[in-house]
Amino acid sequence: MATSIDARAPAATPAQLQSVRGALTSPRRLKTEVLGGLVVALALIPEAIAFSIIAGVDPRIGLFASFTMAVTIAFVGGRPAMISAATGAVALVIAPLVKSHGLDYLVAAVILAGIFQIVLGLSGVAKLMRFIPRPVMVGFVNALAILIFLSQVPELIGVPWLVYPLTALGLLIVFGLPRLTKAVPAPLVAIVALTLITVTAAVVVPTVGDKGALPDSLPSLSLPNVPNTFETLQVIFPFALAMAFVGLLESLMTAKLVDDITDTRSAKTREAWGQGVANIVTGIFGGMGGCAMIGQTMINVKASGARTRISTLLAGVFLLILVVALGDIVSLIPMAALVAVMIFVSVATFDWHSIRPATLKALPKSETAVMAATVVVTVATHNLAIGVGVGVLVAMVLFARRVAHFVTVERTVTEHDGGRATYRVDGELFFASANDLYTQFEYALDPERVVIDMRDSHLWDTSTIAALDAITEKYRQHGKSVDVVGLNQASALMRERLAGKLGAGN
């Protein structure tokens with residue numbers, strides 16, 4: 001009877017699928033969450049070790065950081081099912097600090113970065129996400145997919161030839177198994193199958209164990225041993241600030257991507273300060289800090305179908321169990337299996353629709369340029385913050401250039417009452433369009449009375465006020481009077497406050 005009722009029950013909405021209580025009361029959904037967390041944990045191990053090497057710290061630092069980040073963010077984060085752990089973006093930021101001052105200064109910087117993220121989160125920095133244009137977001141996603149793929153290339157160079165058929169078999173499983181059944185995550189099947197093959201056949205290929213020694217004990221409290229002086233703050237401040245911004249940007253962009261995939265909304269402000277809390281906890285346990293991970297998040301959400309905080313929590317818990325209690329077994333996993341999984345994630349992450357000829361033909365060239373700039377800079381620098389920053393800057397410049405051409409000036413001249421020239425200005429006036437406004441008037445040819453009708457325009461900045469001052473001053477030099485009429489209330493107040501005070505005509 002119970003089975004019959006469940007079969008007729010309406011399907012859960014995307015928002016309901018995020019419910020922890022709902023997942024705990026549904027064996028099918030709970031299984032998805034558990035297996036999703038397990039697959040992510042397996043994929044986290046080589047990544048955390050690799051990022052530790054980039055940062056210049058012991059692999060245990062990265063592994064413990066991934067554990068504390070995942071477990072903490074499962075409780076305080078604002079985006080269910082998103083995975084946070086030690087990341088390459090953070091590793092690149094803090095590597096110079098580790099090299100110059102050592103691990104203790106790194107831990108101090110991680111804690112300070114967490115404090116910065118809490119302050120930024122509570123001050124509403126997450127709301128700035130709405131200023132990131134869609135082409136930048138698409139470029140961000142595509143660049144991440146390319147970086148995920150490129151990060152796997154070294155695992156396929158200079159390796160035994162058996163790595164290639166193993167990787168091909170792994171790809172066949174992760175791409176083909178979902179067509180037959182989705183009862184078990186295809187990435188998990190690929191990892192287990194390839195491990196059994198290499199162990200049973202005694203095949204010698206690179207394994208997880210080759211990446212570095214796995215820890216054999218639990219993480220412990222480890223406050224940084226640094227002088228409590230202003231000089232210490234001067235050293236760690238720039239690294240902590242950079243870590244805070246890079247971590248927030250990557251986390252909030254990833255959260256928005258998961259929102260789109262799952263058709264749900266997440267609490268971006270909570271995610272921002274939650275990342276700060278997770279980094280503080282990670283620093284207290286001596287970890288290297290981190291942020292949201294796009295690759296592992298896509299494994300969890302897209303490949304495994306997880307939707308709740310359970311999978312995030314279990315990813316951290318399983319990671320600790322695997323590396324501490326089952327390290328000998330985990331070290332046997334062939335890297336070919338994880339390479340296959342990450343290539344699958346790369347293909348699934350890339351927005352293929354965005355590069356179809358029909359799409360590119362339909363899109364304005366400016367939007368294509370913004371997307372391309374974001375991709376090129378992100379891939380070239382391996383820095384998401386720089387890539388997104390350049391993308392937003394290019395979008396702003398192209399937008400300003402495009403809007404500037406929307407302003408029109410229409411001139412009419414009447415001969416009665418001594419003659420009068422009327423200029424009707426239509427459009428939004430700001431620094432880009434105001435600079436051209438000055439050239440739209442016939443100063444020498446106009447009669448002695450000039451009227452500038454602004455009823456269909458709006459003054460947005462001081463550049464426009466200065467342009468109007470320059471225009472009136474130019475007419476004054478020709479012995480002609482100018483009346484500016486039709487300003488809306490906001491524009492009139494700005495001009496009344498600033499007219500004649502900006503040095504126009506000097």
Side-chain angles (χ1 to χ4, degrees), residues 35-55 57-67 69-70 83 85-88 91 148-149 151-160 162-171 173-174 185-217 219 288 290 293 295-296 299-300 303-304 314-346:
L35 294 179
L38 178 58
V39 175
V40 169
L42 290 169
L44 275 174
I45 295 171
E47 294 279 310
I49 295 174
F51 297 149
S52 299
I53 295 171
I54 292 174
V57 299
D58 189 284
R60 290 174 294 181
I61 303 299
L63 290 166
F64 286 155
S66 295
F67 160 69
M69 285 291 299
I83 305 297
T87 60
I148 291 171
F149 178 82
S151 68
Q152 305 309 306
V153 173
E155 305 296 339
L156 299 173
I157 297 176
V159 295
L162 285 172
V163 169
Y164 303 111
L166 285 172
T167 303
L169 176 59
L171 290 171
I173 294 173
V174 293
L188 179 59
V189 174
I191 292 171
V192 173
L194 267 63
T195 302
L196 289 175
I197 290 173
T198 55
V199 171
T200 303
V203 175
V204 180
V205 291
T207 64
V208 170
D210 296 331
K211 287 293 183 179
L214 300 180
D216 55 6
S217 62
M288 60 180 279
M293 298 189 75
Q296 277 64 23
I299 290 175
N300 195 42
S304 300
L314 291 180
V317 173
F318 283 145
L319 173 64
L320 189 64
I321 294 173
L322 288 170
V323 299
V324 175
L326 302 175
D328 292 340
I329 297 176
V330 171
S331 63
L332 298 175
I333 297 174
M335 287 303 300
L338 298 176
V339 168
V341 171
M342 296 309 292
I343 291 176
F344 167 76
V345 170
S346 173

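Side-chain atoms are counted along with the backbone in the values below, which use heavy atoms only and exclude waters and symmetry mates.
- Between the CD1 atom in Ile45 and the CZ atom in Phe318 there is a gap of 12.0 Å [rounded to 0.5 Å].
- Note: Leu162 CG to Ile197 CD1 = 11.0 Å, rounded to the nearest 0.5 Å.
- To the nearest 0.5 angstrom, Phe64 atom CZ is 9.5 Å from Leu319 atom CG.
- Taking each heavy atom of Pro206 and Pro160 in turn, the nearest pair found is CD-CD, 3.9 Å.
- Here the shortest heavy-atom pairing between Met69 and Ala85 reads CB-CA, 3.8 Å.
- The shortest distance between side-chain heavy atoms of Ser151 and Met342 does not fall below 4.5 Å.
- To the nearest 0.5 angstrom, Thr207 atom OG1 is 6.5 Å from Leu332 atom CG.
- Between atom CZ of residue Phe344 and atom CD1 of residue Ile148 there is a gap of 11.5 Å, rounded to the nearest 0.5 Å.
- Not counting sequence neighbours, the partners of Glu155 by the side-chain hydrogen bond (donor to acceptor under 3.5 Å, both in side chains) test are Lys211.
- Minimum interatomic distance between Phe51 and Ala91 (heavy atoms only, all atoms of both residues): O-CB, 3.5 Å.
- Closest non-hydrogen pair, Ala190 versus Gly170, comes out as CB-O, 4.1 Å.
- Listed here is the closest heavy atom pair of Gln296 and Ile83: O-CG1, 3.9 Å.
- In terms of modelled atom types and a separation under 3.5 Å, the side chain of Ser52 and the main chain of Gly62 share a donor-acceptor contact.
- You'll find the side chain of Val159 stays beyond 4.5 Å of the side chain of Val205, heavy atoms only.
- Looking only at side-chain heavy atoms (C-beta outward), Ile191 and Pro334 stay at 4.5 Å or farther from each other.
- Panel note: side chain Ser304, backbone Ile299; a donor-acceptor pair is recorded below 3.5 Å.
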* To do: Starting from the C-alpha separation in whole Å, work towards a yes-or-no answer on side-chain contact (heavy atoms from CB on, under 4.5 Å) for Leu44 and Met293.
  => CA-CA 10 Å; Leu44 275 174; Met293 298 189 75; 3.4 Å; yes
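- The side-chain heavy atoms of Leu156 and Val163, taken from C-beta on, include a pair separated by under 4.5 Å.
- Applying the side-chain contact (heavy atoms from CB on, under 4.5 Å) test between Val192 and each of Leu196, Leu194, Thr195 identifies Leu196 as the sole match.
- How far CG of Asp58 is from CD1 of Ile61: 6.0 Å, rounded to the nearest 0.5 Å.
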